[in-house]
Each structure stands twice: as structure tokens, then as C-alpha cells.
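Only a predicted model underlies this, so the values are computations on that prediction, with no experimental measurement involved. Throughout, protein chains are lettered first and strands after them, A, B, ... in sequence-line order, and every chain is numbered starting at 1.
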There are 2 protein chains.
Amino acid sequence: MIRGDGGRAIRAVLDRICDKWTMLVVATLDEGRLRFTELHRSIPGISQRMLTLTLRHLERDGLVSRTVYAEVPPRVEYALTTMGKSLIQPALTLASWAIEHNGQIQASRETYDDPAT
Amino acid sequence: MIRGDGGRAIRAVLDRICDKWTMLVVATLDEGRLRFTELHRSIPGISQRMLTLTLRHLERDGLVSRTVYAEVPPRVEYALTTMGKSLIQPALTLASWAIEHNGQIQASRETYDDPAT
DNA sequence: CAGTATCCGGTAGGATACTG
DNA sequence: CAGTATCCTACCGGATACTG
């Protein structure tokens, strides 16, 4: 199935979720709707710029909803849409694989990098 | 789980499979062991350079095995390792999600990009 | 608070040419 | 056949400063 369309299907997802922050933002929002600053605090290391960009992309793709409240000071809340939530399970499947095989991969790298072998 | 370690687990996979060609190479090798040129032909658009790099990374991570036959002209065969094969299922889960939601995402983008709205 | 604007360095990856 | 070696560019993403 992956190669069925010349890789376009799988690439469609990968292009969407494989940047540095998207999965992390989605995973964070899985715990509930959050404001911009709360997200910023919840994701260590992300810059304002990248958080904004990531959220805009997710909003454009319909994975995240953005709600602006007409208050002073302004309040903006982000939440996963139904489609956004549906991404969590496939992502978890992949995450499980990562956790399960991370040790083996690290070991393989050390062997590969070791000039003595 | 995704955020449990600050996103390191999921990022470990993503960093490994999210470059432009890795998943496609893995998926192609799922159909059987192949030589360099066969892979090159099977994956439209990939350059020799990127195919080599991708294969080296996969080999380093222990996902792909490389067998050199002492012949003239040289023959090199690539195949998925057991761990490499184990990546296929999680990848398929993600691919299914992609195929299932691609239409919805495209629609969302068009709405988002339409200045009339 | 929730962004935008600008600058800037590193790197992914394409094109091309060469080799054991 | 199965790669290296180089060059070159686009763009990802960090740092910083400014704003409704």
C-alpha cells in the first residue's frame, strides 16, 4: 500500500507530521485545549515562531481548531479537531515501535561506527 | 506516551524515517531483496546520492542488510533485516490514516486558502 | 497575551562528473 | 555495476526585536 501510488500516500502524512514540532504539538493538545502561552510552556525548546507556524499548518490541514475570544487581554485557544484526534492512535503505534527498538538501533549504530569492527 | 519523555521517543522514529526517501526505500525492500540499480529504478525521482545515503543510514540503524558478492561486475544486494520488516506494520498504520484522511485535508486546505472565506 | 517581522546560519538534497 | 566527490541552492528553524 505504501508504494501503491509511488509513495504519495505515505509521503502525504510524513510531509505533514515529520517536521520538528508537529507531532509534539498534536500530542500536547491531545491532553486538552490550550492557549498559545500554555502550549509554549508545555513544549520545551520550541520558539514562538515555530509554534505559530506549526499551529497555522495544523489549522490549515484541519487537524487543529483555533478559537479567538474577544477579550482584553486577548485569549486564543487551540484544540484538536476530530481528525486531529484520529491521528493520535497511528502516531502511538509508531511511538511504540520507536520505544521498543530504540535500544537495538543504538546498539547497531555503535557497532557500525566502531572502527575496530 | 508520546510526550512522556518530552517527545524523545516519537522524535527518535521520526528523525529516522521522516527524511524524503527512507520510508519509500523500506517499503520497496519489503517486496524482496534488491540490487542497487534495481532500487534506483524502483524509486522514481531518487538520485544516486540520496539512495546511497539512505541505504547507509538504514544499514547503520540495523534496518537493512548489505551483501557484497565478489564478482565482476560487482553485485550488491540490499534486504530488510527482521527489525526493518517490523517497521512495515506501524508504517502501514500511518499510511492508512493518510489515505483515509487525505481528501478531508485537501478540502480543509482549499477552504483555508480561499480568500473569499 | 498572542502573535508578526527580519535576519541569518546549517543542512537536506538535487545535478553533475568521475572511478574501482 | 555500484558507488564517490563536488558544487550549489532552497528552505528549515533559531535568535531577536517589535506590535495590536
| field | For A:Leu58, the option from A:Leu87, A:Leu63, A:Leu80 that meets side chain to side chain contact (heavy atoms under 4.5 Å, CB included) | value |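 Checked A:Leu87, A:Leu63, A:Leu80 against A:Leu58; only one passes side chain to side chain contact (heavy atoms under 4.5 Å, CB included): A:Leu63.
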| message | Near DNA chain D, counting only heavy atoms under 4.0 Å, which residues of residues 49-74 of chain A show up? | response |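 By residue number: A:Arg49, A:Met50, A:Pro74.
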| Ion pair check, B:Arg35 and B:Glu77, cut-off under 4.0 Å |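 No salt bridge links B:Arg35 with B:Glu77.
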| field | Presence of salt bridge, B:Asp30 and B:Lys85, under 4.0 angstrom | value |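 No salt bridge links B:Lys85 with B:Asp30.
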| task | List the atom of B:His40, the atom of B:Ser47, and the distance in Å for their closest heavy-atom pair. | result |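 Looking at all heavy atoms of both residues, the shortest contact is NE2-C, 4.0 Å.
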| query | Looking only at heavy atoms, which two atoms of A:Ala98 and B:Val13 are closest? And how far apart? | reply |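 Taking every non-hydrogen atom into account, CB-CG2, 2.8 Å.
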| Can you tell which of C:dA2, C:dG14, D:dG14 lies closest to the side chain of B:Trp21? |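 The answer is C:dG14.
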| query | If you check the B:Val76 side chain, which of D:dA2, D:dG14, C:dA2 turns out closest? | reply |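 Closest of the options to the side chain of B:Val76: D:dA2.
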Tell me the interatomic distance from [X], atom [atom1], to [N], atom [atom2], rounded to whole angstroms.
X	N	atom1	atom2	value
A:Lys20	D:dC12	NZ	P	13 Å
A:His40	D:dA15	NE2	P	10 Å
B:Leu24	C:dG13	CG	C1'	15 Å
B:Asp15	C:dT11	CG	P	14 Å
A:Leu39	C:dC1	CG	P	14 Å
A:Glu77	C:dA2	CD	P	9 Å
A:Ile46	D:dC12	CD1	P	15 Å
B:Arg41	D:dG3	CZ	C1'	16 Å

| message | Nearest heavy atom decides the nucleotide; on that basis, is A:Asp19 or A:Gln48 closer to the 5' end of DNA chain D? | response |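 Nearest nucleotide further toward 5': that of A:Asp19.
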| message | Quick one, A:Val25 and A:Leu55 - any side-chain contact, counting heavy atoms below 4.5 Å? | response |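 They are in contact (side-chain heavy atoms under 4.5 Å apart), so the answer is yes.
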| message | OP1 or OP2 of D:dC1 versus the side-chain N and O atoms of B:Tyr78: is any pair under 4.0 Å? | response |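 Answer no for this pair, as no side-chain N or O of B:Tyr78 is under 4.0 Å from OP1 or OP2.
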| query | Can a side chain N or O of B:Thr37 be found less than 4.0 Å away from OP1 or OP2 on D:dA2? | reply |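 The answer is yes; a side-chain N or O of B:Thr37 sits under 4.0 Å from OP1 or OP2.
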| request: Counting Watson-Crick and G-U wobble pairs only, both distances under 3.5 Å, name the nucleotide matched with D:dT19, or none. | output: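 Looking at the geometry, D:dT19 pairs with C:dA2.
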| query | Taking atom types as modelled and ignoring hydrogens, do the side chains of A:Ser108 and B:Arg60 form a donor-acceptor contact shorter than 3.5 angstrom? | reply |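 The criterion, which ignores hydrogens and geometry beyond distance, is not satisfied for B:Arg60 and A:Ser108.
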